[in-house]
Protein chains: 2
Amino acid sequence: MLSKKTKYAFHALTYLGKHRDQKTVLIHDISEEYGISHKFLENILLELRKAGILGSKKGKGGGYYLIKEPKDVALSKVIRLLDGPIALLPCVSLNYYEPCAECKSEALCGLNKVMIQVRDEMLNVLENKSLADILDKE
Amino acid sequence: MLSKKTKYAFHALTYLGKHRDQKTVLIHDISEEYGISHKFLENILLELRKAGILGSKKGKGGGYYLIKEPKDVALSKVIRLLDGPIALLPCVSLNYYEPCAECKSEALCGLNKVMIQVRDEMLNVLENKSLADILDKE
DNA sequence: TATTACCCTATAATATTTATAGACTTTATA
DNA sequence: TATAAAGTCTATAAATATTATAGGGTAATA
């Protein structure tokens with residue numbers, strides 16, 4: 001399951017996407033809208049900014065804004081950023097690969113093979129759907 | 001990511017699948033083979049038994065054995081049993097449905113729609129692949 | 001009837017996730 | 001230029017979930 005962090009990130013991005021006409025949006029406004037702790041959200045937005053998805057402006061009149069086109073923000077990117085691997089096993093993760101501790105041989109592991117399929121099916125959706133697809137439906 | 005519990009369950013099932021010729025297999029043998037804590041594994045096997053996947057026999061000469069054909073043990077069943085929902089959001093889970101706390105309207109939620117797609121793609125593999133597919137490759 | 005091996009519940013240890021705190025920097029504007 | 005607004009950053013606390021252990025109970029076998 002996606003963590004709250006990731007869900008909150010999607011909510012924030014949706015809100016920012018809907019308010020692209022404004023120069024900036026306050027953390028406060030987003031946290032109010034979804035009932036998210038201001039400080040918790042702060043950390044999330046910071047990560048999104050460091051990843052180049054959001055921009056920010058300090059000081060009075062400041063806030064956050066989308067720096068990318070919604071269509072260029074793949075859902076997979078957001079999930080990986082906040083939650084880490086999308087794959088169900090570390091040994092089939094493209095971005096966070098690690099061998100499985102108890103596994104003797106990846107080549108001979110039947111689970112490994114199936115989980116590669118699952119991963120690819122998931123990515124097929126998550127890499128090709130973007131913030132734009134979410135915004136469309138709201 | 002799958003929990004250790006689920007991974008251990010798959011290992012145990014694989015081991016039991018490979019030793020179907022024997023009447024029973026000791027917890028001990030499985031825990032040795034994969035370096036899993038005996039007691040931890042015990043709880044897992046118990047759950048698999050309660051779910052009707054394994055049978056057991058008490059006393060001397062006892063142990064566990066597969067009660068179903070490997071092809072009839074869908075991977076999705078094992079994951080749901082030990083890990084809970086396969087879906088990435090509670091609001092799109094078929095077996096563990098819950099509304100999302102911060103979500104105002106499921107019908108208007110863009111994430112909801114995409115995550116249904118992801119779930120279906122995952123299930124497309126996990127419902128149709130079984131223990132038999134894992135055994136094949138080992 | 002002694003021994004083996006699973007049954008079951010409770011609890012402890014650890015790790016992860018979620019949330020909070022507080023001091024700091026930048027910016028607008030009165 | 002003083003003040004208040006708003007994001008920055010790091011640390012830590014609280015809550016929750018996962019992983020592991022403990023120990024007595026029950027059934028089967030020889």
Side-chain angles (χ1 to χ4, degrees), chain A residues 1-9 11-12 16 22-32 34-67 79 81-85 88 90 96 98 100-102, chain B residues 1-9 11-12 16 22-32 34-67 79 81-85 88 90 96 98 100-102:
Chain A
M1 300 270 259
L2 299 182
S3 67
K4 285 195 179 182
K5 230 170 163 174
T6 299
K7 283 208 267 179
Y8 292 168
H11 282 136
L16 286 161
Q22 305 175 211
K23 275 208 196 70
T24 63
V25 168
L26 296 182
I27 298 178
H28 180 81
D29 292 349
I30 304 174
S31 77
E32 283 275 289
Y34 298 99
I36 307 171
S37 140
H38 178 102
K39 277 295 192 176
F40 193 44
L41 184 57
E42 196 174 288
N43 289 313
I44 295 166
L45 295 177
L46 209 50
E47 287 198 67
L48 291 168
R49 182 183 65 78
K50 285 178 182 168
I53 296 170
L54 300 182
S56 66
K57 196 162 171 298
K58 282 185 176 178
K60 201 166 189 176
Y64 280 97
Y65 51 90
L66 267 178
I67 214 172
I79 295 176
L81 191 64
L82 283 313
D83 256 5
L88 296 185
Y96 297 86
E98 270 182 69
C100 287
E102 343 72 63
Chain B
M1 299 269 259
L2 299 182
S3 68
K4 284 194 178 183
K5 232 171 162 171
T6 300
K7 283 207 268 178
Y8 291 168
H11 283 136
L16 286 161
Q22 304 176 211
K23 277 209 193 68
T24 63
V25 168
L26 296 181
I27 298 179
H28 180 79
D29 292 348
I30 305 175
S31 75
E32 283 276 289
Y34 298 100
I36 305 171
S37 141
H38 178 102
K39 278 294 193 177
F40 193 45
L41 184 58
E42 197 175 288
N43 288 315
I44 294 166
L45 295 177
L46 210 51
E47 287 198 67
L48 290 168
R49 183 184 64 79
K50 286 179 181 165
I53 296 170
L54 299 183
S56 67
K57 197 161 169 297
K58 282 185 178 177
K60 204 167 186 177
Y64 279 97
Y65 50 91
L66 265 178
I67 214 171
I79 295 176
L81 191 64
L82 283 312
D83 255 5
L88 296 185
Y96 297 86
E98 271 182 68
C100 287
E102 345 70 61

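Please read all numbers here as calculations on a predicted model, not as lab measurements. Convention: sequence-line order gives letters A, B, ...; per-chain numbering from 1.
One can place OH of Tyr8(A) at 11 Å from C1' of dT17(C), the figure rounded to the nearest angstrom. In this structure, the NZ atom of Lys23(A) is 13 Å from the C1' atom of dA28(C), given to the nearest Å. Rounding to whole angstrom units, OH of residue Tyr96(A) and P of dT16(C) are separated by 14 Å. Look at NE2 on His28(B): it is 17 Å from P on dC7(C), rounded to the nearest Å. Atom-to-atom, NZ of Lys5(B) to P of dA15(C) comes out at 18 Å; the value is rounded to the nearest Å. Here dT17(C) presents its P atom at 18 Å from CD1 of Ile36(A), a figure rounded to the nearest Å. Spacing between atom CG of Leu82(A) and atom P of dT17(C) amounts to 11 Å, rounded to whole angstrom units. Regarding Gln22(B), its CD atom lies at a distance of 15 Å from the C1' atom of dA5(C), rounded to whole Å.
Using a 4.5 Å heavy-atom cutoff, the side chains of Leu82(B) and Leu2(B) are not in contact. Inter-residue side-chain proximity for Pro90(A) and Lys7(B) is flagged as met; some heavy-atom pair is nearer than 4.5 Å.
OP1 or OP2 of dC8(C) has at least one side-chain nitrogen or oxygen of Arg49(B) nearer than 4.0 Å. Within the structure, every side-chain polar atom (N or O) of Ser3(A) is placed at least 4.0 Å from both OP1 and OP2 of dT16(C).
Sequence order on DNA chain C of the closest nucleotides to His38(B) and Asp83(A) puts His38(B) first from the 5' end.
Heavy atoms of Lys50(B) sit under 4.0 angstrom from primed sugar atoms or phosphate atoms, though from no base atom. Residue Leu45(B) is classed as having no contact, given no heavy-atom separation below 4.0 Å to the nucleic acid.
Of the possible polar contacts, none joining the Asp83(A) side chain to the Thr6(A) backbone as a donor-acceptor pair under 3.5 Å is found. A donor-acceptor contact shorter than 3.5 Å links the side chain of Thr24(A) to the backbone of Gly62(A).
Not counting sequence neighbours, Glu32(B) has no partner by the salt bridge (charged side-chain N to carboxylate O under 4.0 Å, His left out) test. Every residue meeting the salt bridge (charged side-chain N to carboxylate O under 4.0 Å, His left out) condition with Lys39(B), not counting sequence neighbours, appears here in chain and number order: Glu42(B). Contacts of Tyr65(B) classified as ring-ring contact (aromatic ring centres under 6.0 Å, His included), with partners at least two apart in sequence or in another chain: none.
Rounding to the nearest 0.5 angstrom, the gap separating the CG atom in Leu41(B) from the NE2 atom in His28(B) is 11.5 Å. Taking CD from Glu47(B) and CD1 from Ile53(B), the interatomic distance works out to 10.0 Å, rounded to the nearest 0.5 Å.
When all heavy atoms of Tyr64(B) and Leu16(B) are compared, the closest pair comes out as O-CD2, 3.6 Å. Nearest heavy-atom pair, Ala9(A) versus Leu48(A), reported as atom, atom and distance to 0.1 Å: CB-CD1, 4.2 Å.
The outermost nucleotides of DNA chain D lying under 4.0 Å from heavy atoms of chain A, listed 5' to 3', are dA5(D) to dT10(D).
A heavy atom lying under 4.0 Å from DNA chain C marks the following residues of residues 54-67 of chain A, by number: Lys57(A), Lys58(A), Gly59(A), Lys60(A).
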Could you run down the sub-3.5 Å N/O contacts of the protein with nucleotides 21-23 of chain C?
{"from": "dG22(C)", "atom 1": "O6", "to": "Lys39(A)", "atom 2": "NZ", "distance (Å)": "2.2"}

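Ring pair Phe40(A)/Tyr8(A) is perpendicular by interplanar angle, where above 60° counts as perpendicular and below 30° as parallel.
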